[in-house]
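We count ligands from 1, going down the list as the structure has it; atoms in each ligand are counted the same way. Just so we're clear, the structure is a prediction, and the values are computed from it rather than from any experiment.
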Amino acid sequence: MVERRQPILVSEAVSRVMHYAKHGTKETVSITEASGRYLAEDLIAAHDVPSFDRSPYDGFALRSVDTQEASFDHPVTFEVVGAIGAGYVHEGTVEAMQAVRVMTGAALPKGCDCVVKFELTKEFKENDKDFMTIKKPFAAGENVSFQGEDTKKGTSLAKQGTYINPGIAALLATFGYREVPVAKKPLVGVIATGSELLEVDQPLEPGKIRNSNAYMMMAQIERAGGEVKYFGQLSDDFDACLNAVKGALAKVDVLITTGGVSVGDFDYLPAIYERLGATVLFNKVAMRPGSVTTVAELNGQLLFGLSGNPSACYVGFELFTRPVLQTFLYNKAPHLQNIKALLGEDFEKANPFTRFIRGTLAYDREGHCIVTPSGFNKSNAVASLAETNVLIVIPAKTKDYQRASLVDALLVEAVQGSEWPWDNVVLSYRS
Ligand SMILES: Nc1nc2c(c(=O)[nH]1)N[C@H]1C(S)=C(S)[C@@H](COP(=O)(O)OP(=O)(O)OC[C@H]3O[C@@H](n4cnc5c(N)ncnc54)[C@H](O)[C@@H]3O)O[C@H]1N2
Ligand code: MOO
Ligand SMILES: [Mg+2]
């Protein structure tokens, strides 16, 4: 008799998995390699930015007090006593009725408290000396980029676990990180199972398909910040699969298999977990696709038994594996970012389970965020995954959804994550 499995709620399944999620270790990489990695330590401003008062324009630095009498009819003349580009410092102190040519980014010379753009001055030479005139007064501090105006020393700029985007890369350079402490990438093993699987370069044969899940998952692992170790694809052979899983476990932080987790004659993963002595955290989740998603634990190490069906495999990874990898990378918001959006078309909910519909996000002319299911939406769909950038959440025990209903959507391509968002998923209603 076929085994009857007891489905558990998605939130319960996630929480069981997250019980075993742990932080990884740290390593340092060159700043040129840090982009796309995750900070292993908080980033705190070690000094003011800028670290000195400077000119934001090409112009003349001078004392504002000397400009107060200047007007269109009474230009005031300054002697130009020096010229500096960015990177240089004017020696000495600027005295009354003197000015220094300064270029954008140059340190404000001592004695000066404002800058006048070249465009507002008239320059001339007399007796081999340089002069310039202005026709309006300037206030103290006018056109000065002040020390610390961008960032004050001691400011917390980014937390441990922050994704290193181009802005973080700029900050790392600003504060002198030639070597950057980053979270070590979790090493994630991938095994595809199925006697029907062809390698990508093999021609189609009757009854066979090419293995797409392995390549899809490798891309998902990288998108989630992990490093892939691919162990290849195996036929549905118990001993071969058992040995491959055993061997792989010793080499990786987390292991993912695809296929063979349901109740078919050649679905060997359940028996493999048993043989290994692994504890199965769950083998049925009240969700579609991905209801067969199975997660087991062996000595604290997680084994993700994802479905063979491509859409189910994809969703299982994003909901259960991604937050484990993101936790390894110290991200405190490791789950997919959860937003509210309006459904782009009517949707028939023919299932008592929570559904995760692959879809796309766009904005309409009024600025509403619209999420629309992408095409063929079955568990075995592969084509609709290509344009997927959201998973639209249709909660369990709700009826058909009309267009413009407010729904939850999970952003699969956003770097910014969410803390666990499932307790406040909206039920169907029309906005
Ligand atoms: N009697 C029942 N049958 C099934 C149930 C059930 O509850 N009772 N659940 C169905 C659901 S839901 C799903 S999802 C699938 C899950 O099957 P498995 O995880 O055991 O995966 P397989 O049987 O190995 O393959 C399923 C499907 O996916 C294709 N596949 C497998 N690997 C790949 C790959 N690497 N790349 C692309 N496609 C792959 C495979 O050819 C099958 O078509 O079980 C249902 N059955
Ligand atoms: O695991 Mo299956 O994807 O629910 O269709
Ligand atoms: Mg099966």
Side-chain angles (χ1 to χ4, degrees), residues 1-10 13 189-202 204-221 228 230-238 240-241 244-245 248 255-273 280 282-296 303-321 349-358 373 376-386 388 391-394 396:
M1 241 243 325
V2 73
E3 164 205 4
R4 290 243 171 264
R5 296 183 180 181
Q6 189 56 40
I8 62 168
L9 291 177
V10 180
V190 172
I191 296 176
T193 70
S195 301
E196 73 279 32
L197 301 180
L198 297 168
E199 299 284 358
V200 284
D201 55 357
Q202 287 183 279
L204 286 180
E205 293 171 31
K208 307 264 184 192
I209 58 165
R210 292 198 186 93
N211 167 14
S212 58
N213 288 355
Y215 299 91
M216 175 183 78
M217 285 195 301
M218 289 194 259
Q220 288 178 288
I221 291 165
V228 173
Y230 184 39
F231 294 95
Q233 62 189 52
L234 297 170
S235 295
D236 291 315
D237 175 282
F238 179 83
C241 289
V245 168
L255 181 63
I256 309 178
T257 57
T258 169
V261 281
S262 189
V263 293
D265 292 349
F266 310 104
D267 289 338
Y268 289 129
L269 265 299
I272 289 174
Y273 299 137
V280 173
F282 52 85
N283 60 14
K284 187 99 181 165
V285 187
M287 66 188 236
R288 268 271 129 84
S291 63
V292 300
T293 306
T294 301
V295 180
L303 292 84
F304 291 89
L306 301 185
S307 168
N309 274 329
S311 281
C313 182
Y314 184 97
V315 170
F317 178 93
E318 295 298 334
L319 289 182
F320 303 114
T321 318
K349 188 185 180 299
N351 200 287
F353 288 172
T354 298
R355 297 193 64 173
F356 295 90
I357 311 300
R358 284 72 69 209
F376 184 62
N377 232 318
K378 295 222 169 109
S379 167
N380 53 13
V382 65
S384 59
L385 292 171
T388 292
L391 298 176
I392 304 167
V393 186
I394 308 289

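The backbone N or O of F356 lies less than 3.5 Å from a partner atom in the side chain of R358, making a donor-acceptor pair. Using a distance-only test at 3.5 Å, with no hydrogens or angles considered, no donor-acceptor pair links the side chain of N211 to the main chain of A192. S384 places a side-chain N or O within 3.5 Å of a backbone atom of F376 that can act as its donor or acceptor partner. Looking only at distances, no side-chain donor or acceptor of S307 sits under 3.5 Å from a matching main-chain atom of V292. Side chain of S311 to backbone of A381: a donor-acceptor contact under 3.5 angstrom is found.
Nearest heavy atom pair, residue L234 against residue A240, reads CD1-O, 3.9 Å.
With V292, V263, L198 as candidates, the residue nearest to atom 2 (C) of ligand 1 on a non-hydrogen basis is V263. With atom 24 (O) of ligand 1 as the reference point, the heavy atom nearest to it among G260, G264, G308 is part of G260.
Atom numbering of ligand 1 starts at 1 in the shown order; those under 4.0 Å from a heavy atom of S291 are 12 (S). Listed by number with element, the atoms of ligand 2 under 4.0 Å from a non-hydrogen atom of A312 are 3 (O). Residue-ligand proximity, D267 to ligand 1, at heavy-atom distances under 4.0 Å covers atoms 20 (O), 23 (O). Near S379, with a cut-off below 4.0 Å to any heavy atom, the atoms of ligand 2 are 2 (Mo), 3 (O), 5 (O). Numbered from 1 in the order shown, with element, the atoms of ligand 2 that lie under 4.0 Å from a heavy atom of P289 read 3 (O), 4 (O).
An N or O contact shorter than 3.5 Å links G290 to ligand 2 by distance. Inclusion of S291 in the set of residues having an N or O under 3.5 Å from an N or O of ligand 2 is warranted. The shortest N or O to N or O distance between S379 and ligand 1 is not under 3.5 Å. Between V292 and ligand 2, at least one pair of N/O atoms sits closer than 3.5 Å. When only interatomic distances are considered, the shortest N/O to N/O separation between E196 and ligand 1 falls below 3.5 Å. Residue S307 has no N or O atom closer than 3.5 Å to an N or O atom of ligand 2. Between R288 and ligand 2, at least one N/O pair is under 3.5 Å apart. Taking only nitrogen or oxygen atoms, main chain and side chain alike, N213 reaches within less than 3.5 Å of ligand 1.
Proximity of R288 to ligand 1, defined as any heavy-atom pair under 4.0 Å, is confined to the side chain (atoms from C-beta onward). Residue contacts with ligand 1 for L197 involve side-chain atoms from C-beta outward but no N, CA, C or O (heavy atoms, distance under 4.0 Å). Residue contacts with ligand 2, taken as heavy atom pairs separated by less than 4.0 Å, do not involve N309 at all.
Classified by interplanar angle (parallel below 30°, tilted 30° to 60°, perpendicular above 60°), the ring pair F238/Y268 is perpendicular.
Atom 45 (C) of ligand 1 has its closest protein heavy atom at S262 OG, 4.1 Å. Considering only non-hydrogen protein atoms, atom 37 (C) of ligand 1 sits nearest to S212 OG, 3.3 Å. Counting protein heavy atoms only, atom 16 (C) of ligand 1 is closest to S307 OG, 3.5 Å. Among protein heavy atoms, the minimum distance from atom 43 (O) of ligand 1 is reached at N309 OD1, 4.1 Å. Distance from atom 35 (N) of ligand 1 to its nearest protein heavy atom, with residue and atom name: N211 OD1, 2.8 Å. Scanning the protein for heavy atoms near atom 38 (N) of ligand 1, the closest one is I209 CD1, 3.3 Å.
At least one heavy atom of K284 sits closer than 4.0 Å to an atom of ligand 1. Not close to ligand 1: G194, with no non-hydrogen atom less than 4.0 angstrom away. Under the 4.0 angstrom criterion for non-hydrogen atoms, N380 is not in contact with ligand 1.
Looking at T258 and N213, their side chains do bring a donor and an acceptor atom within 3.5 Å of each other.
Residues I394 and T354 are not in side-chain contact: their nearest non-hydrogen atoms beyond the backbone lie 4.5 Å or more apart. Looking at R288 and S379, their side chains never come closer than 4.5 Å, going by heavy atoms from C-beta outward. You'll find the side chain of F304 stays beyond 4.5 Å of the side chain of F317, heavy atoms only.
When T293, V315, V295 are each tested for a side-chain contact (heavy atoms from CB on, under 4.5 Å) with L306, only one passes: T293.
At most 12 non-hydrogen atoms from other residues, nucleotides or ligands lie less than 6.0 angstrom from CZ of F266. Within a 6.0 Å radius of CD in E205, more than 12 heavy atoms belonging to other residues, nucleotides or ligands are found.
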